Amino acid sequence: MKNFITTLKRSVIIFVILAVITGIIYPAVVTAISQLLFNEKANGSIIEIDGKKYGSQLLGQQYNDEKHMWGRIVNLDLESFTDEDGNILMYGKPSNLSVESQQYQQLVQQRIDMIRQANPDMDETKIPVELITCSASGVDPDISYSAAIYQVKRIAKNNNMTEQEVLDIIDKCKTEKLLGIFGQETVNVLKVNLMLEGILQ
C-alpha cells in the first residue's frame, strides 16, 4: 500500500510537471517567439490600412464584378452553420462533386460561359483552369500569373486604365517560383484589387 501511494504521488507530480511544460510554458514560448519574429504572419497576415482591416492575404474573397480581378471560385456553404442570433455563417469548402458527373460538367460550363461573357476581348483564348475550378480549401487567395494576365483587358477597360498600368499592379503582387524552379508564379487577388481601388500602394 505504501509503495502504491508513493507511485501515485510520483505519477501525479510528473503529470503536473508535464502539463505545465506542454500546456503552458511551451505554448507561451512559441507564441512569444512568433509574435516577436513573425508578428504579421502569426496574426493572420491581415492587410490593415489606416486602422481598417481589409482581409487576410491567406484567404480568398469573392469578386465577380467587372472592375476587379477574379480569384478562384469560392465554394461558399450558406447552410451548415448559424450563430446564436440565427445569422448564417459562411465558409468556403472544397467540392465533393466527381469530375465525371454531369452536375460537375454543367457547373464548369456555366463558369466558362460567365468568364467568356465578362472577358469578351479574350475571344476563344483558353481560360486558365483555376478560374473555373475551386481550390482544395475553397478559399485559395492566389491565382496563377497566366490567370491574372487573362483578365488584364477587362480590368483596364472598366477602370479607365491602360493595360500596362494593370500589368504593373499585377507584377507588384506576384510571387515568384520557389528558388526560381519549383511551383509557378502566383498573384494575390486581394492585393491586386486593393491596389486597383487605390487603397494599397
Side-chain angles (χ1 to χ4, degrees), residues 34-76 91-92 94-95 108 110-201:
S34 63
Q35 289 292 335
L36 182 63
L37 301 180
F38 312 102
N39 182 266
E40 181 184 355
K41 293 181 179 179
N43 289 292
S45 298
I46 301 297
I47 297 178
E48 182 174 350
I49 301 169
D50 296 330
K52 183 175 180 179
K53 297 178 181 179
Y54 290 91
S56 170
Q57 299 177 42
L58 307 177
L59 296 174
Q61 295 187 22
Q62 186 90 55
Y63 288 94
N64 52 21
D65 62 286
E66 296 183 344
K67 288 188 174 184
H68 290 96
M69 176 169 287
W70 295 8
R72 297 195 70 154
I73 299 296
V74 178
N75 193 28
L76 293 177
Y91 76 99
S95 171
V108 168
Q110 289 174 5
R111 294 169 181 170
I112 291 174
D113 294 341
M114 178 179 65
I115 291 171
R116 292 280 188 216
Q117 184 176 359
N119 299 273
D121 293 329
M122 297 306 291
D123 298 320
E124 294 301 313
T125 302
K126 184 178 179 181
I127 301 172
V129 68
E130 65 265 38
L131 291 180
I132 57 175
T133 59
C134 293
S135 66
S137 67
V139 287
D140 196 327
D142 301 321
I143 56 176
S144 68
Y145 188 70
S146 61
I149 296 302
Y150 182 89
Q151 304 177 66
V152 167
K153 292 182 181 295
R154 168 178 58 79
I155 293 171
K157 180 184 294 185
N158 288 285
N159 286 283
N160 295 317
M161 300 171 68
T162 65
E163 291 183 18
Q164 187 58 52
E165 288 174 325
V166 177
L167 285 170
D168 290 342
I169 289 176
I170 290 173
D171 286 338
K172 289 179 181 178
C173 302
K174 181 174 66 172
T175 299
E176 300 291 343
K177 296 179 181 179
L178 181 62
L179 302 178
I181 302 174
F182 302 106
Q184 63 178 342
E185 296 174 325
T186 59
V187 178
N188 188 278
V189 176
L190 178 59
K191 282 185 176 181
V192 169
N193 287 330
L194 290 179
M195 292 187 74
L196 288 172
E197 295 177 8
I199 296 172
L200 188 65
Q201 301 299 321

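Here the structure is a predicted model, which means the values were calculated and not measured.
- Scored by the side chain to side chain donor-acceptor pair (under 3.5 Å) test, Gln117 finds no partners at all (sequence neighbours excluded).
- At least one side-chain heavy atom of Cys173 sits less than 4.5 Å from a side-chain heavy atom of Met195.
- Side chains of Gln151 and His68: no donor on one and acceptor on the other come within 3.5 Å.
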Item to check | Worked check of side-chain hydrogen bond (donor to acceptor under 3.5 Å, both in side chains) between Glu197 and Asn193 | outcome: CA-CA 6 Å; Glu197 295 177 8; Asn193 287 330; over 6 Å; no

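- The local environment of NZ in Lys174 is crowded, with over 12 non-hydrogen atoms from other residues, nucleotides or ligands closer than 6.0 Å.
- Atom CG of residue Asn188 and atom NZ of residue Lys172 lie 15.0 Å apart, to the nearest 0.5 angstrom.
- Annotation: side chain of Trp70 is not in contact with side chain of Ile143 (no heavy-atom distance under 4.5 Å).
- Residues satisfying the side chain to side chain donor-acceptor pair (under 3.5 Å) test with Asn64, not counting sequence neighbours, are none.
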Next on the checklist: Pair Ile149, Val187 - check side-chain contact (heavy atoms from CB on, under 4.5 Å), show working.
Outcome noted: CA-CA 10 Å; Ile149 296 302; Val187 178; over 6 Å; no

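- Contact annotation: the side chain of Asp142 never approaches that of Thr175 to less than 4.5 Å [non-hydrogen atoms, C-beta and beyond].
- Tested against Val192 for a side chain to side chain contact (heavy atoms under 4.5 Å, CB included), the candidates Leu190, Val189, Leu196 yield a single pass: Leu196.
- Residues meeting the side chain to side chain donor-acceptor pair (under 3.5 Å) test with Thr125, sequence neighbours left out: none.
- In this structure, Glu163 and Lys157 have side chains that are not in contact, with every pair of non-hydrogen atoms separated by 4.5 Å or more.
- In summary, Arg154 and Glu66 do not engage in a salt bridge, as defined by a charged side-chain N under 4.0 Å from a carboxylate O.
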